[in-house]
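The structure appears below as structure tokens.
All values below were derived from every heavy atom in this structure, side-chain atoms included, with hydrogens, water molecules and symmetry-related copies excluded.
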Amino acid sequence: MEQKSVTKRLSFLDRYLTLWIFLAMAIGVGLGYLMPKAIESFNAAVSIGTTNIPIAIGLILMMYPPIGQSPLR
């Protein structure tokens with residue numbers, strides 16, 4: 001039985017995940033540089049106090065899988 005390499009089994013998005021992350025960071029920095037007032041007003045609109053709601057939701061979604069697979073459950 002022929003075994004496929006790990007990279008061959010990954011999807012296109014998974015295979016280039018590092019590239020997508022750096023691309024998203026570059027777009028974010030570029031937008032912040034080109035439109036600082038728009039980004040500031042957007043951040044103010046999606047924040048409650050000092051908590052940015054989209055970032056909080058993203059962090060919770062990233063933490064859920066490891067917590068759900070915890071052997072301590």
(request) Of all the heavy-atom pairs spanning Ile39 and Gly32, show the shortest one and how long it is. (result) CG1-CA, 4.0 Å
(request) Keeping the roles fixed (side chain from Ser47, backbone from Thr50), state whether a donor-acceptor pair exists under 3.5 Å. (result) no
(message) Let me check something: do Leu23 and Leu17 share a hydrophobic cluster, defined by ILVMFWY side-chain heavy atoms less than 4.5 Å apart, either directly or through other members?
(response) no
(request) Working to the nearest 0.5 Å, report the span between CD1 of Ile55 and CD1 of Ile60. (result) 12.0 Å
(request) Measure the spacing between CG of Asp14 and CH2 of Trp20 and express it to the nearest 0.5 Å. (result) 11.5 Å
(message) Applying a strict under-4.5 Å side-chain criterion to I, L, V, M, F, W and Y, I'd like to know whether Ile27 and Leu13 cluster together.
(response) yes
(message) Please check: side-chain N/O of Ser41 versus main-chain N/O of Ala38, any donor-acceptor pairing under 3.5 Å?
(response) yes
(message) When you group the ILVMFWY residues by side-chain heavy-atom contacts below 4.5 Å and let the links chain together, are Leu34 and Leu31 in the same group?
(response) yes
(request) For Ile48, look at atom CD1 and say whether over 12 heavy atoms of other residues, nucleotides or ligands are found less than 6.0 Å away. (result) no
(request) Mind checking the CE-CG spacing from Met62 to Leu59? Nearest 0.5 Å is all I need. (result) 5.0 Å
(message) Is there a continuous path of hydrophobic side-chain contacts, each under 4.5 Å between heavy atoms, that joins Phe42 to Val29?
(response) no
